[in-house]
K.L.:
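Below is the structure I would like to discuss, written out as structure tokens.
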Amino acid sequence: MSVSQGNMTAGSSERLQLGDLGPRYFRLGVITAIVGVGLAILLGIFTLDSIDRFFRAYVFAFSTILAICLGGLFFTILQHLTRAGWSVTVRRIAEALAWNLTWIWILFVPILAAVWMSHIYHWMHPEGDMLLEHKAGYFFFPLHYDSQVPIFWLVRAVIFFAVWAMLARFFVNNSAAQDKSGDPAITSKMQWWAPLSMFAFAFTLSFASFDWIMSLEAHWFSTIFPVYFFAASACGFFATTIVVIYLLQRAGRIENEVTLEHYQDLGKLLFAFGVVFWAYIAFSQFMLLWYANIPETTGWYITRMSGGWAWVSLLLLVGHFGLPFLALLTKHTKRAKPILASIAGWLLVMHAVDMYWLVMPTMPESTLYEASTLAAFRAEATNEMLGFTPHLLDIALLVGLVGLLAAGTVQRLTKCSLIPERDPRLHEALAFENM
Amino acid sequence: MSTIVVDNTFDDPLRRAPLVLNHDRFDTVTEEVCRVNEEPHPPLAWYITFGISIFLFGILGVMVLYLLVTGVGVWGNNAPVMWGFPIVNFVFWVGIGHAGTLISAILFLFRQKWRTAINRFAEAMTIFAVMCAGLFPAIHVGRIWVIWWVFPIPNQMAMWPQFRSPLLWDVFAVSAYFTVSLLFWYMGMIPDLATLRDRAKTKLKAISYGIFALGWRGSNRHWHRYERAYLLLAALATPLVLSVHSVVSFDFAVSQLPGWHTTIFPPYFVAGAIFGGFAMVVTLAIPARQLWGLKNFITMRHLENMNKIILVTGSMVGFAYMMELFIAWYSGAMYEWFAFRNRMFGQHAWAYWIMIFCNMVAPQLFWSKKCRTNILIMFFVVMCVNVGMWFERFVIVLSLEMDFLPSSWGYYSPTWVDMLTLLGSFGMFLTLFLLFIRFLPVIAMAEVKAIMPQADPHHGHHDDDDDHHHDVEKAEVKS
């Protein structure tokens, strides 16, 4: 196919549109969401004795899909920041995932409910706890914690969602507008804003991860935590993108535009960021806290190395790092579409397990501090105390939110072409070769 | 060779900027690069800087000798700061040694073609910086004649190093990094060494370059293997770029000391090392391209790109400073908070504020393209970074001054031996670097040629008129 300077030849447009698949997938997503969330609510009502358990599962499901969307935003900004040419034909998937950030604030409402209606955010009740009283300002400023209104925390959440929505709108709308006008000035404009956007992204992602996930264990702290969440979001994003592209190609879309070279490159990025960088950050955090072994911080890992969590930790070590590391080393697996898509699918599951491992465990602090040895603690601490109570509800909620994510993404993909048809660097993406 | 100043810093989505200026042919590239080594005499500035460098190198030798015959008491290291200048200098130099392998390995994997003009001398810089770094722990052990004890060699004393100590991991991490960087640097140089061998006018030169060129003939099979090996080494070197400084950060972070024990240390140290390393590359590139007329290869765009990386990594470092500070407060750990208050307002507060200004504030100038492409301003900024990154390590190490027990607090001050040893290490670094420029191919000729539009097999055979070879002519000509 002869393509020059971003002018696609006519006639191929059907393969570049989602077309009739759009409404079908959208319906499927919405139905999945309704069934998943509905089932979760029913399960919650009939099987749970505390609403805390439901909200924790919700934070887990929310974090899982939020990470994927943030990864999409990161990738989109990064491509403009680095003036990338190779990635033009896969950028729409990232844009569509990032687009979900324009409405995902709605899904934050249950977390607001969780703050007031449950005890999972323990910092809401600092009275009598010296540490929590000390850090109450981070949540309640300028009010006193007696007010029970965490103003500062709320304002930050508003800022995060506003920034994400603005960034997503800016990059997605401009990219779509270029499909019509073909104006290279649009690319220049996005490139101009990319560095500042990246700053805003780094800042908001970091504090969002502190505010919503790290603060679940209100006493605990780790300076690397935002980087860990970022690595997780990169993993979720690259895995999702590979799976989505594979499904689109199976449905006869963008078959010539996304080549084996793109698969290999996305596979490399999944390997580099989703597997190795993730493991590097996870190891850095674990090793430093384990080695120093001071009571302020080790409890978080002791919890995750006790009871059922020990097996989840092991699963992550093998499933999120060991196996995919070996599987993605060679170029042959990265260039075999079904194999790469399967590895990506597996890593997507692992991403969810990772978020589960991050959000669900509860540190039984009094048991921890009273236990004289690690063995004594492990004998004492039941899975219930550790928060290891896997429930069908977790899966139902996750499936529900993933359904919503899929619906939102498909909805966006139906709005414009599946690739930026008139991006000035399109020809580079169509022609580049790895070897 | 014409030396029209071409502005290739434009940012046009419709075309990629030319990376090699004023060259249409490969042979002129060879000529211009080889001239650096083949001129009968280097520029006067080379003699002057070499004289100063070797003098400083001599001072280093004297200081090390004085240290060895007297003992580490000649340094300022004393309770409570048992780690003074030596560890600061070690971390500083290892950090400098990060840019080279990042440029040659990571930027290679990211297909950043502009790296080819700067990778050779950045790698050389890496090797020399790591040599300077290795010196400090070695002389710090006091009895340097038993330095081999740091290696796990079976011996009749049944004595082993402490495997649980990150200091030992450092030995492995740094020596692995040094070995791979050296291999990478040398292997990449083989085709260019062969060029120098083939052009040599004297027997001695032909034989010397010939030995190191390993019989390179530039055959298809040679190139095939060369490129395979290059890719593999790049893939192997990439994790090393991250692991070295991560392990260096473990030296501090595995402890329980406030100001040292924080989980952000590994990625923060790596970002800082890349930051400092790139600053040193720019510091050396600015005079080098001027003196040896290499502006057609190390163009303004190259400098601008490096300045952008300095801005990014500098901001990451600044972000890490703020994150540490925030968590020091958020954690409610009073010792941590005390350590940070002490850094900001304590007895060495001036060092902290120098660090903040040089590493966090000064690089922000690079948001402006005018500053990124102005030689004087960029030289000011990179000199700030060079100073700032040294002070960063100084500030970190001085967390030792005031620990948990007020009765053991102290004030660290370096001695004149500390000062002259640090100065002398710059002498060693620059001496090696100047010798490298004089005798080895300073720019990777073969790789630079490969990124010229003329190297593209489709060059000149396009159906459309939009050929790349007009790029140079079309570029806007600056006065």
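The chains referred to below are lettered A, B, ... by the order of the sequence lines, with proteins before strands, and numbering in each begins at 1.
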K.L.:
Would you name the heavy atoms of Pro13(B) and Arg425(A) that are closest together and state the gap between them?
P.N.:
CA-NH2, 3.4 Å

K.L.:
Top residue by heavy-atom pair count (under 4.5 Å) with chain A, among Ser255(B), Ser315(B), Ala320(B)?
P.N.:
Ser315(B)

K.L.:
Just wondering, are more than 12 heavy atoms of other shown residues or ligands nearer than 6.0 Å to CZ in Phe74(A)?
P.N.:
yes

K.L.:
Non-hydrogen atoms of chain B under 4.5 Å away: do they reach the side chain of Pro195(A), the backbone, both or neither?
P.N.:
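Contact with chain B involves both backbone and side-chain atoms of Pro195(A).
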
K.L.:
Check the angle between the aromatic planes of Phe210(A) and Tyr330(B) and answer parallel, tilted or perpendicular using the 30° and 60° thresholds.
P.N.:
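Answer is parallel, since the angle falls under 30°.
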
K.L.:
Is the shortest side-chain heavy-atom distance between His261(B) and Ile294(A) below 4.5 Å?
P.N.:
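Yes, their side chains come closer than 4.5 Å.
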
K.L.:
Under 4.5 Å from any heavy atom of chain A, what part of Leu257(B) do you find: side chain, backbone, both or neither?
P.N.:
neither

K.L.:
Over all heavy atoms of both residues, which pair between Pro266(B) and Leu288(A) is shortest? Give the atoms and the distance, please.
P.N.:
CD-CD1, 3.7 Å

K.L.:
Applying side chain to side chain contact (heavy atoms under 4.5 Å, CB included), run through Leu81(A) and Lys308(B) and close with a yes or a no.
P.N.:
CA-CA 11 Å; Leu81(A) 188 63; Lys308(B) 284 180 180 172; over 6 Å; no

K.L.:
Which answer fits Met287(A), side chain, backbone, both or neither, if we ask what part of it has an atom under 4.5 Å from a heavy atom of chain B?
P.N.:
side chain

K.L.:
Is there side-chain contact between Pro267(B) and Ile224(A), with at least one heavy-atom pair below 4.5 Å?
P.N.:
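Side-chain contact under 4.5 Å: yes.
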
K.L.:
Given that the side chain runs from C-beta out, which part of Ile281(A) has a heavy atom under 4.5 Å from chain B: side chain, backbone, both or neither?
P.N.:
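The answer is the side chain of Ile281(A).
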
K.L.:
What part of Ala218(A) lies closer than 4.5 angstrom to a heavy atom of chain B: side chain, backbone, both or neither?
P.N.:
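Only the backbone of Ala218(A) comes within 4.5 Å of chain B.
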
K.L.:
When you compare the side chain of Tyr280(A) with that of Ser243(B), does any pair of heavy atoms fall below 4.5 Å?
P.N.:
no

K.L.:
For Phe110(B), is the CZ atom crowded, meaning more than 12 foreign heavy atoms sit under 6.0 Å from it?
P.N.:
no

K.L.:
Classify the angle between the aromatic ring planes of Phe283(A) and Phe250(B) as parallel (below 30°), tilted (30 to 60°) or perpendicular (above 60°).
P.N.:
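Answer is perpendicular, since the angle exceeds 60°.
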
K.L.:
Around Trp193(A), counting heavy atoms of other residues, nucleotides and ligands shown, do more than 12 lie under 6.0 Å from its CH2?
P.N.:
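Check fails, neighbour count at 12 or below.
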
K.L.:
Would you say CH2 of Trp290(A) has more than 12 non-hydrogen atoms from neighbouring residues, nucleotides or ligands within 6.0 angstrom?
P.N.:
no

K.L.:
Any idea which heavy atoms bring Arg16(B) and Gly85(A) closest together, and the distance?
P.N.:
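Nearest heavy atoms, Arg16(B) then Gly85(A): NH2-N, 3.4 Å.
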
K.L.:
Is it the side chain or the backbone of Phe199(A) that comes within 4.5 Å of chain B heavy atoms, both, or neither?
P.N.:
side chain

K.L.:
Parallel under 30°, tilted from 30 to 60°, perpendicular over 60°: which one fits the rings of His134(A) and Trp329(B)?
P.N.:
tilted

K.L.:
Does a side-chain heavy-atom distance below 4.5 Å link Ser331(B) with Glu296(A)?
P.N.:
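The answer is no, as the side chains (C-beta and beyond) never meet within the 4.5 Å cut-off.
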
K.L.:
By a 4.5 Å heavy-atom criterion (distance strictly below it), what part of Val270(B) contacts chain A: side chain, backbone, both, or neither?
P.N.:
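Answer is side chain: those atoms of Val270(B) sit under 4.5 Å from chain A.
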
K.L.:
Do you know the tightest heavy-atom contact between Tyr291(A) and Pro166(B)?
P.N.:
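That would be OH-CD, 3.7 Å.
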
K.L.:
Given the rule in the side chain to side chain contact (heavy atoms under 4.5 Å, CB included) test, do Asp11(B) and Arg83(A) qualify, once you have shown the distances and angles that lead to the verdict?
P.N.:
CA-CA 9 Å; Asp11(B) 199 0; Arg83(A) 282 81 172 128; 2.3 Å; yes

K.L.:
Given the options Trp220(A), Phe277(A), Phe207(A), which has more heavy-atom pairs under 4.5 Å with chain B than any of the others?
P.N.:
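That would be Phe207(A).
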
K.L.:
Closest approach of Ser206(A) and Phe319(B), non-hydrogen atoms and distance?
P.N.:
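Smallest interatomic distance, heavy atoms only, reads OG-CZ, 3.2 Å.
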
K.L.:
Output, in order, the C-alpha distance, side-chain angles, deciding distance and verdict of ring pair (Phe, Tyr, Trp, His ring centres under 6.0 Å) for Phe326(B) and Tyr138(A).
P.N.:
CA-CA 10 Å; Phe326(B) 166 66; Tyr138(A) 181 63; 5.0 Å; yes

K.L.:
Does any N or O in the side chain of Gln256(B) come within less than 3.5 Å of the main-chain N or O of Ala292(A), such that one atom is a donor and the other an acceptor?
P.N.:
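Looks like yes, one N/O pair under 3.5 Å.
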
K.L.:
Atom CZ of residue position Phe141(A) - does it have more than 12 heavy atoms of other residues, nucleotides or ligands inside 6.0 Å?
P.N.:
no

K.L.:
Under 4.5 Å heavy-atom distance to chain B, tell me which part of Ala84(A) shows up: side chain, backbone, both or neither.
P.N.:
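Backbone only.
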
K.L.:
Would you mind listing every salt bridge (Lys or Arg N to Asp or Glu O under 4.0 Å) that reaches into residues 209-234 of chain A, with sequence neighbours excluded?
P.N.:
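Qualifying pairs, neighbours excluded: Arg156(A)-Asp211(A).
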
K.L.:
When you check the gap from the basic side-chain N to the acidic O, do Arg111(B) and Asp265(A) get nearer than 4.0 Å?
P.N.:
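A salt bridge is present here (some side-chain N lies under 4.0 Å from a carboxylate O).
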
K.L.:
Which one, Trp367(B), Tyr268(B), Phe265(B), leads in non-hydrogen pairs under 4.5 Å with chain A?
P.N.:
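So the answer, after comparing Trp367(B), Tyr268(B), Phe265(B), is Trp367(B).
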
K.L.:
Got Met214(A) and Ile327(B) here, is their nearest side-chain heavy-atom distance under 4.5 Å?
P.N.:
yes

